[in-house]
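Remarks on the structure that follows.
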Amino acid sequence: MELQKILLPDFYDRIVQHVINIPSLRQTIEDRFTDWENVWKHQRFKGTPMLPTEQDLINWIKILPLYGNYRDLQKIADLL
């Protein structure tokens, strides 16, 4: 409701119709491996080891609560 007070009424009416809900990583367990892969690629420099894909690691990542979303995956990549 704060935006409604700040923006022009006509503009607010137009943008409020286009709300996009992006689920958190906690809600998209099926995408965890892809998320892990993306984080690993962005965290590593050329010449570093290949993406760790051990099944135990992947299973562990899938059960993590990931309260910090991508930051949690980034921390894991930094530690490996």
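Taking CH2 from W60 and CZ from R32, the interatomic distance works out to 11.0 Å, rounded to the nearest 0.5 Å. Taken to the nearest 0.5 Å, the CD atom of Q27 stands 9.5 Å off from the CG atom of N21. Atoms CG and CZ, from N59 and F33 in turn, are 11.5 Å apart once rounded to the nearest 0.5 Å. For the atom pair CG (L73) and CH2 (W36), the distance works out to 7.0 Å, reported to the nearest 0.5 Å. Here CD of Q74 is found 12.0 Å from CG of L79. Values are rounded to the nearest 0.5 Å. Atoms CD and CG, from Q55 and L57 in turn, are 9.5 Å apart once rounded to the nearest 0.5 Å.
Side-chain atoms of D72 come within 3.5 Å of backbone N or O of Y67 as a donor-acceptor pair.
Within the 4.5 Å cutoff, no side-chain heavy atoms of D56 are placed close to those of I58. Taking 4.5 Å as the limit, every side-chain heavy atom of I6 sits out of range of all side-chain heavy atoms of Y12. Side-chain contact between K75 and D78 is absent, with no heavy atoms from C-beta onward closer than 4.5 Å.
Surrounding CZ of R71 are at most 12 heavy atoms belonging to other residues, nucleotides or ligands under 6.0 Å away.
Scored by the salt bridge (Lys or Arg N to Asp or Glu O under 4.0 Å) test, D10 finds R14 as partners (sequence neighbours excluded).
Transitive grouping of hydrophobic side chains (ILVMFWY, heavy atoms separated by less than 4.5 Å) keeps Y70 and I29 in distinct clusters.
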Next item on the list: Assess whether side chain to side chain contact (heavy atoms under 4.5 Å, CB included) is satisfied between L66 and D35, documenting all intermediate values.
Entry: CA-CA 12 Å; L66 295 176; D35 296 333; over 6 Å; no

Next item on the list: Take L25 and D31 through the side chain to side chain contact (heavy atoms under 4.5 Å, CB included) test and state the conclusion after the steps.
Entry: CA-CA 8 Å; L25 291 182; D31 297 331; over 6 Å; no

